Amino acid sequence: MSAISGGLPAADTPIARKESVRTSLWALALRRLLQNKLAMAGGIVVALMFAICFIGPLFSPYTDNKIHMALMNKPPNWKHWLGTDALGRDVLTRVMQAGRISLTVGLASMVLSVFLGSLLGAIAGYYRGIADQIIMRIGDLLLTVPSLPLLFILGALLSEWKVPPEDRMYIVMLLLSFVNWPGIARMVRGEVLSLREREFMQAATVLGLSARRKLFRHLLPNLVPLLIVIASLNIGGAVLSESVLSFFGLGVMPPTPTWGNMIDAANNLIDFQQRPWLWIPPGFCIFATVIAVNLFGDGLRDVLDPKQKR
Amino acid sequence: MSEPLLDIRRLKKYFPIKSGLLNRTVGQVKAVDDISITIRPGETFGLVGESGSGKSTVGRTAIRLTDKTEGEVAFKGVDLYALPPQELRKLRPKLQLIFQDPYSSLNPRVRVGDAIGEALLEHGLASKDEVRDRVLDVLSLCGLSSYHIDRFPHEFSGGQRQRIGIARALVLNPELIVADEPVSALDVSIQAQIINLFRRLQETNGLTYLFISHDLSVVEHLCSRVGVMYLGSMAETASRDDLFREPLHPYTKALLSAVPIPIPKLKRERIVLKGDIPNPANPPSGCKFHTRCPFAVARCAEERPEFRHVGGERYVACHLV
């Protein structure tokens, strides 16, 4: 090729030589995300929530399940910042411990359902045909059943089968991913369907690139923004679902604390009216986490997924 | 006559129309209906026709980017549609396509240098050390600068992007380039640059083009032979000089009479076609053009005209010629 001389005169002006602007789409997206105040506030709250829940208990003089009969139902004071519960356990420590469980369940079930959903959705969208039909019909079937009753039934079955309480946390993660993957698979399939028809994918075929290279170099990087957005929005939903399940006594079982079963423990008139320190802190944590995650996710979507923009 | 580089024989491409609950095929769009083109090495074959006449589909089926319905395509005597996928993939660098839309044909997340160089690596046409030099060479050949190599497609204008697309095809040293309206998305000054680049590359590299366009003046400037398509069929093929001097098919006449000429005082007969191009899912009987043809006779509606040899390099599908 170098033997060929000639060609067009290059547009080589001194101004255009400013070679510091190597802006990938990722760098551009990050810059715009940093400018979105609401999303950044959400991101900071989520980060704080994680930090407090995972590091906080290390500094607490109490443990989550140390029972103290002399300290039952004490309102907030200098020794117990958020008071104590009916068994004399420190509420602040328990809220932080519960956060560990709730956030872990939320994060893990998000990872699992995004993995499952995007894998199945990508297979369905890329290979079409029978695989598409089978995967999407199973997904449709799951989507037609309202997820909450389905979770209730599955949760009740678990109680019936006498699953040890320590293992329930992992089973709740599986349950949540099981009901969440079809929605994700649909979105991913739609995106893959539109991406594979794009001209740059055809160009990859014309260039004779291997299927692996087409998939991993050209298709997947264009799918990542959507996955990030789905994942971030999914955490909030998963945290909420776990809390709902635990509140109804079908999720993670006491004494392991979660935000949901802490509220459930305060689910009587006297606690509700006279001991707000038992249910406000976990309730606020659920509220703050879900709102913050969604704000951050919305910000990410605005930045990464231009199609969804107003 | 030398051995043809690309021999398209009786090519047909029908797209099924599906509808209803069971996705049954209720009809077919005959995008390409029995087309034969022979392209010799080193020539530029222009394919013209209005929107929806099936030009692009011919281009894409000619390099097996989409599957055919019927017919044969032979590249240097090798039947493209008989090749197993791996063999076809190895042959791909020889047959390149330049896309019409410079925006959607570049992956937004791949740097220009990678986009141009990756196929070289994939096919083992260059070692890792050589790739950068090869890419730089082809960039400068296409009028782009060396510092563009690390940039992303969104940092370029439409004309620059089209040149990146051309560079991506050229770096593989192809023998045939199917150019699918490569300049229609560009403004006129850039068009001229790109077309001159095409010409120069043909002189230096002996490239062969299948040049698809609806711009007759571009085709006249660039092509040695021209085929005129109407509704999935070939109306007329001829050498450029013959076609532009004396068009035989009424459709070609109408097309040429619509080309503006830069002499205001010169009056000439203008053939204005009535109506739109008919629905390709339900083409007219007989000669597909008879519904809009100013010279149509009764026979045209009944009998489909054969694509006949009428001397020299001319072929025409018309009863009246």
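What you see is a predicted model, and the numbers here were worked out from it, not measured in a lab. Chain identifiers are assigned alphabetically (A, B, ...) following the order of the sequence lines, protein sequences preceding nucleic acid strands; residue numbering begins at 1 within each chain.
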- prompt: Should the pair B/Arg60-A/Glu199 be classified as a salt bridge under the 4.0 Å nitrogen-to-oxygen rule?
  reply: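 So B/Arg60 pairs with A/Glu199 through a salt bridge.
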field: Test item: B/Arg92 side-chain N/O and A/Leu207 main-chain N/O as donor-acceptor pair under 3.5 Å
entry: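 A pair under 3.5 Å: no.
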query: If you draw a 6.0 Å radius around CZ in A/Phe178, do more than 12 non-hydrogen atoms from other residues or ligands fall strictly inside?
result: no
- prompt: With side chains defined as the heavy atoms from C-beta onward, is the minimum distance between B/Pro153 and A/Phe200 less than 4.5 Å?
  reply: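 Answer no - side chains too far apart.
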Largest heavy-atom contact set with chain A, pairs under 4.5 Å, which of B/Leu95, B/Val178, B/Leu106: B/Leu106
query: Could you give the distance from CD (B/Glu118) to CZ (A/Arg213), rounded to the nearest 0.5 Å?
result: 4.5 Å
- prompt: Any side-chain heavy-atom pair from B/Arg109 and A/Pro225 closer than 4.5 angstrom?
  reply: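 A side-chain contact exists here, since the closest heavy-atom pair is under 4.5 Å.
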query: Checking A/His218 side chain against B/Asn107 main chain: does a donor-acceptor pair fall under 3.5 Å?
result: no
task: Quick one: closest heavy-atom pair of B/Ala119 and A/Leu209, and the distance?
output: CA-CD2, 3.9 Å
query: Given the options A/Ala203, A/Ala204, A/Ser210, which has more heavy-atom pairs under 4.5 Å with chain B than any of the others?
result: A/Ser210
Interface moiety of B/Glu122 toward chain A, non-hydrogen atoms closer than 4.5 Å: side chain
query: Does CZ belonging to A/Phe54 count more than 12 external heavy atoms closer than 6.0 Å?
result: yes
query: Just wondering, are more than 12 heavy atoms of other shown residues or ligands nearer than 6.0 Å to CZ in A/Arg212?
result: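 No, because the 6.0 Å sphere around CZ of A/Arg212 holds 12 heavy atoms or fewer from other groups.
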message: Would you say CZ of A/Phe115 has more than 12 non-hydrogen atoms from neighbouring residues, nucleotides or ligands within 6.0 angstrom?
response: no
field: Which portion of B/Asp101 sits near chain A, non-hydrogen atoms under 4.5 angstrom
entry: both
task: Determine the minimum heavy-atom distance between A/Val206 and B/Leu97, stating which atoms define it.
output: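 Closest heavy-atom pair between A/Val206 and B/Leu97: CG1-N, 3.5 Å.
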- prompt: Does B/Leu65 offer a backbone N or O that forms a donor-acceptor pair with the side chain of A/Gln202 under 3.5 Å?
  reply: no
- prompt: For B/Tyr81, does the OH atom have more than 12 heavy-atom neighbours from other residues, nucleotides or ligands under 6.0 Å away?
  reply: yes
